[in-house]
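A quick write-up on the structure given underneath.
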Amino acid sequence: MHDMDNFEADIKILDVSYYNHSQKKNGAEEKFPVIEIFGRSRDGESVTLLHPRFYPHFHLLNPTDKAIKELSSDPQVKSVETTELFHEGRQQPALNVTLYVPGDTPQYRDRYGAIAADILFRFRYLYDNDLGYCIHAKGKDLGSKQMAGRSYLTDRIVLLEEVKEVPYFPSPLKIFSFDIENIIGGEILCIGIVSQFGEKRDTCVLEGGERKILEDFARLIKKEDCDILSGYNVCNYDFPYIEGRAARLGLKLDIGRNLRHMRIRQMGGSAKSGEKKQVDKGTNKVVEIAGRIVVDSWYFARKEKRPKRETLSAMAQMILGKDKLPIDNTKLGEAWAKDPIQVKEYCLQDTILSHEILEKIRVIDKYQALASVARLPLFDTFSDRTSVLIDSLFIREADRQGVAVPNTRRSNNGDEEAIEGGYVLQPIAGLYDRVIVFDFASLYPSVILQNNICLTTLSDEGTIVSPLGVKFLAREVKQGMLPRIMSSLLKARRESKKLMKEAKTTDEMEYYNGLQLAQKILANAHFGVFSSKFYRFTDQRIGGSITAFGREGTKRIIQTLQSEGQMIVYSDTDSLFVVSPFQTLDETVAFGQTIAGRFSHGDISLEMEKIINPLFLSSAKKRYFGRIVWAGGLKSEIFVRGFETRRGDSFDLQTRGLETLFEYILSRDQNGALEYCRQMLRDLMSGKVELEDLVISKTAADESSYKVITEETEDTLFGEKNIRERKVADSLPIVQAMKKAEKRGVTISPGMKVSWIVVDSGITPQRVEPYLDGLPFDFSPDYIYYRDRLIDSFLRILNVFNYTVDDLSDNPQLNLFD
DNA sequence: AACTATGGCCACTGTT
DNA sequence: AACAGTGGCCAT
């Protein structure tokens, strides 16, 4: 063993975990937790920081004498301490209880109704030690990779002596992308690998039989000691597949930084009837590897780009402008036997594409910025659970101020009604010149600030009264925690934006841009979390008051402007569409600035976002398009909201047709528009259309999540009740397509897009056939179906100008004789 | 078991 | 033909 060297470095925290240590001390057994911090230093070393003897604690509100007595003499309890906490508007007596073993906490939560008793131990550690994503650590380098019988794979293992948070710094993480090739349901043939650290990139392909491949895979991850493991759909496909194959061969995948096995967790599940599905269908499996972070490039690329088709080839083309080598997955075994070099080339190319997609969309940088703003390990920001981010800021503030922290709510309180949301003004359909779009800057955050909305300011003595009649104390009397956090986030964001503008290099600019975006995301996330039915600090009076203030503000401006004779043609939540009373752009801008100034007060700021000329409003809400002619400066840019061109589940012909139709409408060429639509329908009906243009795609949910409808019918003759169960899934086109795809050897995992073409809509349910990459499509589309859907789409625009289906017909003169 | 909200449009099925 | 129920995706 080495001498113990001093260690000191700046470190980014990737993941935090702990273990229970127990040792003999003077004949007695001493038990304590040891926190394990996994990270990478600014200088590029991987480190494990060990922090022993940090203990778990929680609170009891209004503890009984009996409870205090019991806990004081409980051998599992390290210490108890009386204190006071603010809860439900007043100071209340409380007990702070410290245990030896984190895992004991739930039993005390249940037995004593303890609060702040469901905070994960790693978060408790970070909160209490005031740590964030980036830290400065000092300690003793333990030299050996063994510690108390435990092994770690990092360059350094350090017994922590001093630690403090430092500002976010840019430095590279080690990223490892991979892609497997396997015979469907069978053997893994090879694994392509890209390993990147800063500018340095290495590639290789593992081969030599499945056992060797899997052993090499695990060995390489450990040897390279990567921070991020990535690949295209690795969570739902590659990792589960590898796990399954490794299990068959009896191989261990002990690839965690503490040599713990990787773990795959199934997320989501079925929603109860009448309830919305809570889980983003984009992830249904989560892969956990201690000390490392799994980042599925498919998940983040789809989140960022919302593509219609989500195959690697479609995404690579869209994001990188690169083509993917074609290969028939169903014949991989034969291809491998014939020409393994080609298969390997293909495999590596896929790995590189996935890797470059991840780089291009800058996911790692974005989440690092979020980790630094939310003050959490990178791992926890990647879990995409906003409540974790808000907890990190809010619980710390509550602890500082002695405010009680309830446990996460696990019941819906039964009859609880949803709060009312934003106000949407029915649009006045038409085509308008020079429409000014105003919106409130960060409406809900500024409402929170302006009205000092917080759990801690709710009070009957409050002088700020929300439209719901809920009262909040004025800022001068007591500043709320929520407004305080909001204010510091918004202030920090203004500073980041300023530094971004002053940046001298692109890297510096990106750095501040990432920060200001993260600050914005976090500020906006507060409303959602505090209005959630499940969050620990949820109070409907808060969420309800926030939206009520918002609605009131918007409606008041609409009324005021209307009473002044202005024409408000649309409004949604925090936006207002006002037709300019002036003929020129300059006058319109000046007019808009006056309005924006008039309605901005205190923390609430109404901004002139853009001027649209012309603007088309349909008779439906949330559907409009126009040409932006001004947005802080002159512009000329078409934008669309809501229509099929924005939707991933429309077919390309429909998207293209509408896009062109929009251009005709914006050029005020209605005859051109009609002629164009007629021509497209003619082409379609004469079969002059690519199959690709008729493909419809939607995201498949897990089959078990579809509802089962129970229908009750009464037998008229005998008065018997017949109960029939019907599975919704059975008649959905998407499920039909998924099942047929599987019959043809293409597995579609839930969360991925399924593509199909309608071949017969004359029957119910309609018949569809899957449209599969690399496989022939031997059916004839139902052209009537597609014609009718196109006509419906076109008419939703054209009926604003009083055109009807007859105007889209090729023989309009026939109508004269009707 | 749930771990960010509500408002909204449209496609489709299956009943009346 | 009108409707209720369900699913999916989008606006904010």
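Lettering follows sequence order; numbering is per chain, from 1.
- Side-chain atoms of A:S387 lie closest to B:dC3 of the nucleotides B:dC3, C:dG7, B:dT13.
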List, one per line, each side-chain donor-acceptor pair under 3.5 Å for residues 750-763 of chain A, sequence neighbours excluded.
| unit_1 | atom_1 | unit_2 | atom_2 | d |
| --- | --- | --- | --- | --- |
| A:K753 | NZ | A:P307 | O | 3.4 |
| A:S755 | OG | A:S697 | OG | 2.9 |
| A:D760 | OD1 | A:G762 | N | 2.8 |
| A:S761 | OG | A:D782 | OD2 | 2.9 |

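- Contact between A:V16 and A:R122 at its shortest, heavy atoms only, is O-CD, 3.0 Å.
- The aromatic rings of A:F616 and A:F643 are tilted relative to each other, their planes meeting at an angle between 30° and 60°.
- Comparing C:dC9, B:dA5, C:dG7 by their closest approach to the side chain of A:S532 singles out B:dA5.
- Base contact: A:T386 has a heavy atom under 4.0 Å from a base atom.
- Contact annotation for A:F643: no contact, since no heavy-atom pair falls under 4.0 Å across all strands.
- Computed from coordinates, the A:L576 CG to C:dA11 C1' distance equals 15 Å when rounded to whole Å.
- When the nucleotides C:dC9, B:dG7, B:dC3 are ranked by their closest atom to the side chain of A:F534, B:dC3 comes out on top.
- For the pair A:M738 CE and C:dG7 C1', the interatomic distance rounds to 12 Å; values are reported in whole Å.
- Here the nucleotide nearest the side chain of A:R646, chosen from B:dT6, B:dC3, C:dA11, is C:dA11.
- Taking side-chain N and O atoms only, A:T547 has no distance below 4.0 Å to OP1 or OP2 of B:dA5.
- Residue A:I419 is in sugar-phosphate contact alone, with no base atom involved, counting any heavy-atom pair closer than 4.0 Å across all strands shown.
- Remark: the separation of the C1' atoms in B:dT4 and C:dA11 is 16 Å, to the nearest Å.
- In this pair, A:F123 and A:Y127 present their aromatic rings parallel. The plane angle is below 30°, not in the 30 to 60° band.
- When each of B:dT13, C:dT12, C:dG7 is scored by its nearest atom to the side-chain atoms of A:Y706, the top-ranked nucleotide is C:dG7.
- Cation-pi contact between A:K610 and A:F639: present, with separation from the ring centre below 6.0 Å and deviation from the ring axis of at most 45°.
- Taking the six-membered ring for Trp and thresholds of 30 and 60 degrees, A:Y624 and A:F577 have ring planes more than 60 degrees apart, a perpendicular arrangement.
- In this entry the distance linking CZ of A:F549 with C1' of B:dA5 reads 18 Å, nearest Å.
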Table of protein N/O atoms under 3.5 Å from nucleotides 8-11 of chain B N/O atoms:
| unit_1 | atom_1 | unit_2 | atom_2 | d |
| --- | --- | --- | --- | --- |
| B:dG8 | OP1 | A:K621 | NZ | 2.7 |
| B:dC9 | OP1 | A:K621 | N | 3.3 |
| B:dC10 | OP1 | A:R796 | NE | 3.4 |
| B:dA11 | OP1 | A:R796 | NH2 | 3.3 |

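- Checking side-chain atoms of A:E637 against main-chain N and O of A:I628 turns up no donor-acceptor pair under 3.5 Å.
- Rounding to whole angstrom units, NZ of residue A:K303 and P of C:dC9 are separated by 16 Å.
- Phosphate contact (OP1/OP2 of B:dT6, side-chain N/O of A:T573, threshold under 4.0 Å): absent.
- Out of B:dT13, B:dC3, C:dG8, the shortest distance to the side chain of A:T764 is found at B:dT13.
- As a whole-Å value, the separation of A:K520 NZ from C:dT12 C1' is 12 Å.
- Under a 3.5 Å cut-off, the side chain of A:R623 and the backbone N or O of A:S618 do not form any donor-acceptor pair.
- Whole-Å rounding puts the A:L389 CG to B:dC3 P distance at 15 Å.
- Taking atom CG of residue A:D572 and atom C1' of nucleotide B:dA5, one finds them 13 Å apart after rounding to whole Å.
- With rounding to whole Å, A:F527 atom CZ is found 19 Å from C:dA11 atom P.
- Considering only the side chain of A:K707, C:dT6 comes nearest among B:dG7, C:dT6, B:dT13.
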